Amino acid sequence: MEPRGHFDHDIVVVGGCGHVGLPLGLAFADCGLGVQLYDTDAKTVDLVNAGSMPFVEAGAPDVLRRVLAAGRLRATTDAATIARSEHVVVVVGTPVDRYLSPDVEAVARVITPLTDHLVDGHLIVLRSTVYPGVTDRVARLIAKLGLDIDVSFCPERIAEGHALAELRTLPQIISGTTRRAIQRADALFRRLTPETVELEPEEAELAKLFTNSWRYLKFAVANQLYMIANDNGLDYERIRHAVTFHYPRAADLPGAGLTAGPCLLKDTMQITAFAENRFTLGHAAVMVNEGIPLYVLGKLEQRFDVTALTVGILGMAFKAESDDARSSLSYKMKRVLTGRAARVLCTDPYVCGDPDIVPFDTVVEESDLLIIAAPHREYASLRTTKPVVDITNLLGNGVMV
Ligand SMILES: NC(=O)c1ccc[n+]([C@@H]2O[C@H](COP(=O)([O-])OP(=O)(O)OC[C@H]3O[C@@H](n4cnc5c(N)ncnc54)[C@H](O)[C@@H]3O)[C@@H](O)[C@H]2O)c1
């Protein structure tokens, strides 16, 4: 694929140094396309151009070095690069607000100041997870410019940390507001993967939200079953093993844990808003998953005088082997404990920039009790005589404490 006509680059990724934008840009560059990463975060842009990954992503450091050396990828804070790139992939954050309501203007707010850089021949690909109807809204905004521009929505479905492998294996959902937009988006994503599935934009917007809420609901089922087993002194993992062992109909029953991160809760809440608060299963899942830190505290208070204890939290990231602490329930755990325990200590081998994080050995030495919050594999070799709360069963100890 050569950039068409007046374009110098195949792709510009708006939000290109983020958790989704950067791996996507790397994947496209690694299959031969010329990629520009446009991002407003100058520090991260410099880091990427210097060959350093700003976050943990399997296999990414090698690919970054390779595509930089080949001259196929460059990060920039200069929006002028958009006019020189044929495909404009927009993958900025779309968080819910503090009342957990979706922000339907989030994507348009990013695109509006960039309209001076939009030109005939562009294909705009929305890649962020968006509220249903946002693609059509953006298409109406673009139509007002009177330019010959196609608009498509192709949601990202990777799991953070596994993006580069998954971008080459997961089928891509393709939608667009015109037939030409769909065909162009399909041709672009077929550079990454042979399988695509076509939907209408609103179907595709819901398909992405359903994907994440399905996962969130499954974790809620696991967490509730865990609490039922644990309340009765039974080992959830032993039961789960029996339930799933060579039994395909239940094979995807997950383990219990702190279900968190930047996507699952907020996308469940986007469906809740879309369904006018009638997504009762979604609401129930939020209550269960967000309730786990309080459940743990309640159990501890039944067995210990928590006010006299130093409690150590192992793992502040939202999941194992990740450095991403966004929306991590480890911080909710810390907050509820801070009000009750004598002292709370935190550690994490990956998370950077939190001044409260102290070395692992300090936490293990100075704590009376430990909680494995993010089950990083480093903690599997933990040897201690102190009580350990291990919901994820990393240590294989059975019931909670
Ligand atoms: N994180 C995931 O695992 C994941 C998976 C699938 C989908 N998503 C969706 O992808 C989207 C992006 O999520 P993320 O985790 O990559 O977010 P992120 O915060 O890691 O990345 C967003 C990037 O956009 C940049 N940015 C912000 N405003 C900008 C602007 N006006 N112009 C240019 N750049 C700008 C930021 O500096 C940042 O680098 C969200 O809609 C999210 O729901 C995320």
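Ligands are counted one by one from 1 in listed order, and the atoms in each one are counted from 1 as well. Only a predicted model underlies this, so the values are computations on that prediction, with no experimental measurement involved.
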Novice: What pairs of residues pass the salt bridge (charged side-chain N to carboxylate O under 4.0 Å, His left out) test when at least one of them lies in residues 216-233, not counting sequence neighbours?
Specialist: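 For residues 216-233: K218-D252, D231-K299.
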
Novice: Relative to the heavy atoms of V92, which atoms of ligand 1 are at a distance of less than 4.0 Å?
Specialist: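 With V92 as reference, the close atoms of ligand 1 come out as 11 (C), 12 (C), 29 (C), 35 (C), 40 (C), 41 (O).
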
Novice: V110 heavy atoms, cut-off 4.0 Å: which ligand 1 atoms fall inside?
Specialist: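 By the 4.0 Å cutoff, the relevant atoms are 30 (C), 31 (N).
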
Novice: Tell me which donor-acceptor pairs under 3.5 Å the side chains of residues 133-140 have, and how far apart each pair is, sequence neighbours excluded?
Specialist:
unit_1, atom_1, unit_2, atom_2, d
T135, OG1, E205, OE2, 2.5
R137, NH2, E105, OE2, 2.6

Novice: Does ligand 1 have an atom that lies less than 4.0 angstrom from a heavy atom of K266?
Specialist: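 Flag set, K266 near ligand 1.
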
Novice: Return yes when R109 approaches ligand 1 closer than 4.0 angstrom through a heavy atom, no otherwise.
Specialist: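 Contact absent.
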
Novice: Around atom 36 (C) of ligand 1, find the nearest protein heavy atom and jot down its residue, atom name and distance.
Specialist: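 Here the nearest protein heavy atom works out to D39 OD1, 3.4 Å.
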
Novice: Check ligand 1 against T40 and write out every atom of the ligand that is under 4.0 Å from a heavy-atom position of the residue.
Specialist: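 The atoms of ligand 1 under 4.0 Å from a heavy atom of T40 are 26 (N), 27 (C), 28 (N), 29 (C), 30 (C), 32 (N), 33 (C), 34 (N), 35 (C).
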
Novice: Using heavy-atom distances, let me know which of T112, T129, T44, D267 sits nearest atom 9 (C) of ligand 1.
Specialist: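 Selected option, by shortest heavy-atom distance: T129.
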
Novice: Considering heavy atoms of the protein only, find what lies nearest to atom 41 (O) of ligand 1 and give residue, atom and distance to 0.1 Å.
Specialist: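 Sorting protein heavy atoms by distance from atom 41 (O) of ligand 1 puts T94 OG1, 2.6 Å first.
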
Novice: Number the atoms of ligand 1 from 1 as they appear, then name those within less than 4.0 Å of a heavy atom of G15, with their elements.
Specialist: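 Contacts of ligand 1 toward G15, numbered from 1: 23 (C), 24 (O), 25 (C), 33 (C), 34 (N).
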
Novice: List ligand 1 atoms under 4.0 Å from I158, heavy atoms only on the residue side.
Specialist: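 Every atom of ligand 1 under 4.0 Å from some heavy atom of I158: 5 (C).
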
Novice: Decide whether an N or O pair under 3.5 Å exists between E156 and ligand 1.
Specialist: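 No, there is no polar N/O contact under 3.5 Å.
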
Novice: Could you establish whether R127 and ligand 1 come within less than 4.0 Å of each other, counting only heavy atoms on the residue side?
Specialist: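 In this structure, R127 fails to qualify as a contact of ligand 1 - no heavy atom is under 4.0 Å.
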
